[in-house]
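Here the structure is a predicted model, which is why all the values come from computation and not from measurement.
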Amino acid sequence: MMARIQFDNSYARLPGSFHVHVAPTSVSAPQLIKLNRELAGELGLDPDALATPEGVEILAGKRTPEGADPIATVYAGHQFGNFVPQLGDGRAILLGEVVDLAGARRDIQLKGSGPTPFSRRGDGRAALGPVLREYLVSEAMAALGIPTTRALAAVSTGEWVRRETALPGAVLTRVASSHIRIGTFQFFAARRDFESLRHLADYAIARHYPEASAATGPYLALLEGVIDRQANLVARWMLVGFIHGVMNTDNMSIAGETIDYGPCAFMDAYDPATVFSSIDERGRYAYANQPGIAQWNLARFAECLLPLLASDQEVAMELANEALGAFADKFNISYLAGLRRKLGLMTPRDGDLALAQDLLARMAASRADFTLTFRRLCEAASKPEGGAEVRSLFEDPASYDEWGSRWRNRLALENEDHFARSAAMRAVNPAFIPRNHRVEAVIEAAMERQNFAPMEELSSVLSRPYADQPAFAAYADPPPPEQGIYRTFCGT
C-alpha cells in the first residue's frame, strides 16, 4: 500500500527569494526506527502505509511522494550574538505542507536528508544520536503540554556520516506549525528587501496570526503576538527546568513553538547557571538567561519590522519599544502563575513569588533535584505530616524544613481539599522528564548494539509524564554522581 500525502505547499509558492527547490539525496538502505503513529493519524496520514518499504523510503528522502515540492528555506540569524547574513536549511528539506484533521496547516520536513545550497560545505546529513535525541525530547515536550515541533519518524539510512569518527546516519521527519524564524525576517531586512519583508509578514499573519489582519496596525499586532507567545513559551521552559542551549535568532520560531533541539537538556540538580552546550563557553544561553535572551531576540525581530510599523522612523521605534517593554510583564505573569500551580497555591496572594523564589534559592544551595522536589511536594501537600521525602533531596534538610513550615502556613490560608490540591499539583509537576543519562543510554544502545528497545521503553514512559508509572519508577531518578556532569553537542 503506497503512502499518500495530501500536500498543499503554500510556502513553496512564495517568490524564489524565499527558498531553493532541491530534492532530498537518496540513501542506500533505509530502515524504520520509530514511527509516531498517533501523530500520523492527527495529520490525516495512514501510519500502516508509512511503515511499508515505500513509506519508509519517503521518510528517508529516497522517494519523493506525489504532490511534494521539496525546498530548502533561506534565513539569516544572530549566532551567539554575531550576525550571519545568510544561513538557511543546510541539512533539512521541507517536503511540503498538509492540513491536519483539526484544520491546522503543518510543515513536514526531513532533517539529515542531504546537502542543499545552504549547507556551507557540510554534508547535509544527520547522525543517529542527534536524531534520536530530537525525537525523544521534542515528543517529551509535547507530552508535557509545551508548544513544540513534533517528530513523525526516525529512520536509519544504512550509510555512515563523517564527524570526528564515522557514525551511523539517520533522518528525522519533523512536523511544525511552520519553519518561519526570526532569522527569516532578518534575511530580508538585512538586504533592505522591503517588498519581500512585507510579503513574509503578510504570510505570517495569514498563517499564524489571522486576528492581526483586522487590527489598525497589523504588523504591530504581529509583533505583539509573537512577543506574547514567546514570553509564555519561555516561562513554560523555566517551569520544567528545560535549557534550549542555542537560542540564536534563527532557532526562534515566530509561531511560538520550541524548535531546533540541538544541545538541549533538562537540568537535574537545580542551578540557575546551568549550561549543557559544549559550544556555549560563556554561558550566554544558561537556564536563568533564557528570558533575557528571548527578549533580545525579539528586539531583533522588532528591528526587522520597523519599516512596516510606520513611515516615520521615530514613531516606528516608539511602537516597537512599547511592544518590547511588555515582554517582562507577560513573562512574569505566566511564570508566577505556573509557580503557584506547582506549589499548589490556588488563589493569588502577596508574597507568593518571594515564597517560590526562596524555595528555588534553597534548592540551588542544597543541590536539590528540580523535578523531584516539585513532584514530591505533591505528596507532601496531601498530608499534614508529609515532607520527609522532599527534605531528603536537600544536602541541608533543615533548609527545607524552615521553608516547608512557611509553605504549609500559606496553604492553610486556603480552604482547599488536600487530595484535590495534590491532584492539581500532579497535573503540572511531571514525574518523568527526558533525563540526560537516560537519553544517552538510549543513544548508546542504538549506536553500539543496534538495540532500539530502550528507545521504545523511554519513549513510552515519557508519553505519560504526569502519571506515577510504578513499574518504571527508576526513570524518575536523577543520575548517579558519576553521570551528573554532562555536556551536549550540536547535531551538525
Side-chain angles (χ1 to χ4, degrees), residues 3 27 29-43 45-60 108 110-112 126-146 148-158 167-175 240 242 258 261 264-266 371 430-479 483 486 488 491:
V27 297
Q31 295 288 325
L32 184 64
I33 297 171
K34 178 73 174 169
L35 176 65
N36 191 333
R37 301 181 72 88
E38 182 179 353
L39 178 58
E42 292 175 15
L43 296 173
L45 308 181
D46 182 349
D48 292 331
L50 287 175
T52 64
E54 294 81 5
V56 174
E57 288 183 351
I58 291 173
L59 298 171
I108 298 180
L110 301 181
K111 289 189 68 177
L128 179 60
V131 165
L132 298 184
R133 169 175 287 278
E134 177 155 353
Y135 191 109
L136 286 167
V137 180
S138 63
E139 285 306 298
M141 291 285 272
L144 288 166
I146 297 172
T148 179
T149 59
R150 302 291 302 276
L152 178 60
V155 176
S156 61
T157 63
L167 300 171
V171 174
L172 178 82
T173 305
R174 178 163 72 180
V175 175
V240 295
F242 175 75
T258 312
Y261 292 88
C264 64
F266 285 72
T371 302
F432 301 98
I433 57 169
R435 290 190 182 269
N436 309 320
H437 67 298
R438 292 291 183 180
V439 174
E440 284 302 309
V442 164
I443 292 172
E444 181 183 8
M447 299 270 283
E448 302 296 329
R449 300 182 294 280
Q450 294 75 53
N451 178 8
F452 296 100
M455 166 82 172
E456 288 291 341
E457 184 165 280
L458 181 56
S459 181
S460 176
V461 170
L462 295 175
S463 70
R464 301 170 60 227
Y466 300 106
D468 283 328
Q469 304 187 68
F472 301 103
Y475 281 94
D477 293 339
Q483 296 183 33
Y486 188 76
T488 53

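Residue L50 holds its CG atom at 6.0 Å from CG of L152, rounded to the nearest 0.5 Å. A distance of 5.5 Å separates CG of L43 from CD1 of I108, quoted to the nearest 0.5 Å. Taking OG1 from T258 and CE from M141, the interatomic distance works out to 4.0 Å, rounded to the nearest 0.5 Å.
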*Before giving the answer on side chain to side chain contact (heavy atoms under 4.5 Å, CB included), spell out for I443 and L128 the whole-Å C-alpha distance, their side-chain angles and the decisive distance to 0.1 Å.*
CA-CA 8 Å; I443 292 172; L128 179 60; over 6 Å; no

_Working for side chain to side chain contact (heavy atoms under 4.5 Å, CB included), residues V175 and L39_ = CA-CA 9 Å; V175 175; L39 178 58; 4.1 Å; yes

*Can you check side chain to side chain contact (heavy atoms under 4.5 Å, CB included) on V442 and L136, steps first, answer last?*
CA-CA 10 Å; V442 164; L136 286 167; 4.0 Å; yes

*side chain to side chain contact (heavy atoms under 4.5 Å, CB included) between L32 and L35, worked out*: CA-CA 7 Å; L32 184 64; L35 176 65; 3.9 Å; yes

*May I have the step-by-step check of side chain to side chain donor-acceptor pair (under 3.5 Å) for T149 and Y261, ending in yes or no?*
CA-CA 9 Å; T149 59; Y261 292 88; 5.0 Å; no

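Here the side chain of N36 pairs a donor or acceptor atom with the backbone of A151 at under 3.5 angstrom. A donor-acceptor pair is defined here as one N or O able to donate and one able to accept, closer than 3.5 Å; no such pair exists between the side chain of R174 and the backbone of Y135. At least one donor-acceptor pair under 3.5 Å links the side chain of Q469 to the backbone N or O of R464. Side-chain atoms of E139 do not come within 3.5 Å of backbone N or O of S459 as any donor-acceptor pair. Side-chain atoms of D468 never come within 3.5 Å of backbone atoms of P470 as a donor-acceptor pair (strictly under, hydrogens ignored). Side chain of S460 to backbone of E457: no donor-acceptor contact under 3.5 angstrom is found.
For the pair P430/L144, a side-chain contact is recorded, criterion being any heavy-atom separation below 4.5 Å from C-beta on. Inter-residue side-chain proximity for I433 and L462 is flagged as unmet; no heavy-atom pair is nearer than 4.5 Å.
Smallest separation of non-hydrogen atoms from A446 and F452: CB-CE2, 3.5 Å. Of all the heavy atoms in A153 and L59, the pair that sits closest is CB-CD1, 3.7 Å. Among all heavy-atom pairs drawn from M447 and L167, the shortest one is CE-CD2, 3.6 Å. Scanning both residues, A467 and A431, for their nearest heavy atoms gives O-CB, 4.0 Å. The heavy-atom pair separating V171 from A60 by the smallest distance is CG2-O, 3.8 Å. In terms of heavy-atom proximity, C264 sits nearest to V137 at SG-CG1, 4.0 Å.
Summarising the local packing, CD of Q31 is surrounded by 12 or fewer heavy atoms from other residues, nucleotides or ligands at distances under 6.0 Å.
Under the salt bridge (charged side-chain N to carboxylate O under 4.0 Å, His left out) criterion, R37 pairs with D48, sequence neighbours left out.
Geometric assessment of R435 against the ring of F266 yields a negative cation-pi assignment under the 6.0 Å and 45° thresholds.
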